[in-house]
2 protein chains.
Amino acid sequence: MTKVIFKTKNSFLSLLRIKYTYTMFSNSSKYAIKAVLFLAVNSSENHRIMGKDLAAPINVPQAYLAKLLQELSRGGIISSKKGPKGGFFLSKENALHTLMDVVNVIDGNDKFNSCLLSLEKCNADKPCPLHDLASPSRSKFIQSLNQNTIDEFSTQIEQGKVFLPL
Amino acid sequence: MTKVIFKTKNSFLSLLRIKYTYTMFSNSSKYAIKAVLFLAVNSSENHRIMGKDLAAPINVPQAYLAKLLQELSRGGIISSKKGPKGGFFLSKENALHTLMDVVNVIDGNDKFNSCLLSLEKCNADKPCPLHDLASPSRSKFIQSLNQNTIDEFSTQIEQGKVFLPL
DNA sequence: TCTTAAATATGACTTTTGTCATATTTTAAT
DNA sequence: ATTAAAATATGACAAAAGTCATATTTAAGA
Ligand code: FES
Ligand code: FES
């Protein structure tokens, strides 16, 4: 028997969210990336966006997002202005960061550099059984997380080549 | 100031283990995969291996591994025999399972089929900004998790093409 | 049959991650 | 100056993942 308790609107909504999938990103990082990219496309120095207006379009719990935005702001990934007419935005310099910078701020550094199975560094000379299956593409993926700027991603979005997910 | 308390030998050892890296596998799944592959190479119907003799060579905490082995056994991924001279082993049929079967038993099903960023299914028609970077290789990887049998992996290990990590 | 060696079941506990709420600080506008 | 609207700091709490320990069950061998 499944027991469900409805406490608040948010906890109800969270039932609809799919959690904990194997994507190498923590939920927090995913949320943060979505927020940053949304800001990249929709905000600017003089068009700031409030936390609560950001939460809905990217489908992230408002209170949780608030916390993430604060971490991103502290980490220099996004900019903000307090008070009335305040909000969050991406400066030109902010947009030069990479997505790896985003996850480093949210989840800490050095999460991507080890073997799929072992505790050692991934090593082509003594590959684990999954190395050849995963490693070439994996390192390419990690490389673009490290190299492509947020600005580049937002250009792709503006050109309609890729889409910002809910 | 870092405060470290040494409680037991195992909790000391666990300090040496690298935890929580972004590899799409949970620690439990990684441990389970290592255990299964080790059994595939080193055990047979009439050469069973005890839990405690398995823990050391694959560098997994003994008590934790015990629990995983029990789940794997219940899930039909590995075989076991109780009592003196008992232990764990892989039958011929066991070895026909895939690594995806292993992680399904340990972490539950349907962990691999969603977009890196969104809650929707990954969708080539409306790709998220990371889709093209990750998806082609990712689906190939997932496909071989689903198709290659444990037997095939163990052959590769026996041929010295790949190695079982600590 | 008794003893002993093994897996099994069960669950307590810890750490990490995810979630939500609230008091404080800053600043624009009146 | 005062007010109100925003971010910020802080932390309580919940859920999931990881870790460890112990009592029970099964079966081999004396
Ligand atoms: S050695 Fe395991 S992924 Fe490279
Ligand atoms: S749409 Fe996001 S990974 Fe495919």
Side-chain angles (χ1 to χ4, degrees), chain A residues 3-5 7-15 17-22 25-32 35 39 46 48-55 60-75 78-89 103 106-108 111, chain B residues 3-5 7-15 17-22 25-32 35 39 46 48-55 60-75 78-89 103 106-108 111:
Chain A
K3 187 166 137 207
V4 179
I5 298 169
K7 283 188 300 192
T8 68
K9 187 181 152 215
N10 263 338
S11 81
F12 170 65
L13 279 177
S14 73
L15 294 174
R17 274 182 205 105
I18 294 174
K19 303 174 187 173
Y20 314 115
T21 51
Y22 283 71
F25 293 116
S26 66
N27 260 325
S28 292
S29 281
K30 281 161 65 166
Y31 291 169
L39 286 176
N46 42 20
R48 301 184 272 271
I49 299 183
M50 292 191 302
K52 68 177 158 74
D53 294 335
L54 221 181
V60 172
Q62 194 270 320
Y64 191 12
L65 180 63
K67 193 166 213 170
L68 294 174
L69 290 171
Q70 288 157 211
E71 287 179 59
L72 291 171
S73 170
R74 230 180 302 130
I78 67 178
S79 302
S80 65
K81 186 124 208 242
K82 278 184 173 182
K85 302 280 172 186
F88 297 94
F89 64 99
V103 335
I106 298 297
D107 286 342
K111 298 274 190 172
Chain B
K3 188 166 136 205
V4 179
I5 298 168
K7 282 189 297 193
T8 69
K9 188 181 155 212
N10 263 336
S11 81
F12 169 65
L13 280 177
S14 75
L15 294 175
R17 277 185 202 101
I18 294 175
K19 303 174 185 174
Y20 313 117
T21 51
Y22 282 71
F25 292 115
S26 67
N27 260 325
S28 293
S29 281
K30 282 161 63 166
Y31 291 167
L39 286 177
N46 42 19
R48 301 185 271 273
I49 299 183
M50 292 191 300
K52 67 178 160 71
D53 294 334
L54 222 180
V60 171
Q62 194 270 320
Y64 192 11
L65 179 63
K67 193 165 215 171
L68 294 174
L69 290 172
Q70 288 159 209
E71 288 179 58
L72 291 171
S73 171
R74 229 179 302 131
I78 66 178
S79 302
S80 65
K81 187 126 209 242
K82 279 183 173 183
K85 302 279 174 189
F88 298 95
F89 64 99
V103 336
I106 298 297
D107 286 341
K111 298 277 192 174

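Here is how names work: the chains are called A, B, and so on, in the same order as the sequence lines, proteins then strands, and each is numbered from 1.
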- Message: What does the B/S/- profile of nucleotides 6-11 of chain C look like, 5' to 3', with a 4.0 Å heavy-atom cutoff to protein?
- Response: BBBBBB

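As a whole-Å value, the separation of A:D53 CG from D:dA6 C1' is 11 Å. Across the protein-nucleic acid pair, A:R48 atom CZ and C:dA28 atom P stand 8 Å apart, rounded to whole Å. Whole-Å rounding puts the B:I106 CD1 to D:dA16 P distance at 18 Å. Rounded to whole angstrom, the span from the CG atom of A:L39 across to the P atom of D:dA7 amounts to 11 Å. Going from atom CG of B:N27 over to atom C1' of C:dT15 covers 12 Å, rounded to whole Å. Straight-line distance from the CZ atom of A:F89 to the C1' atom of D:dA7: 12 Å, rounded to whole Å. Nucleotide C:dG18 holds its P atom 14 Å from the CG atom of A:L65, rounded to whole Å. Straight-line distance from the CG atom of A:L68 to the C1' atom of D:dA7: 14 Å, rounded to whole Å.
Annotation: side chain to side chain contact (heavy atoms under 4.5 Å, CB included) contacts of A:S73 (sequence neighbours excluded): A:I78, A:S80.
Between A:S28 and the phosphate of C:dG18, there is a side-chain N or O to OP1/OP2 separation shorter than 4.0 Å. Contact annotation: B:Y31 side-chain N/O to D:dT19 OP1/OP2 distance is under 4.0 Å.
A 4.5 Å side-chain heavy-atom check between B:V103 and B:F25 finds at least one atom pair inside the cut-off. Contact of the A:F88 side chain with the A:L39 side chain is registered, since non-hydrogen atoms from C-beta on lie closer than 4.5 Å.
Closest of all the heavy-atom pairs between B:K85 and B:R48 is O-NE, 3.2 Å. Listed here is the closest heavy atom pair of B:S26 and B:D107: OG-OD2, 2.5 Å.
Side-chain atoms of A:Y64 and A:S28 include a donor-acceptor pair closer than 3.5 Å.
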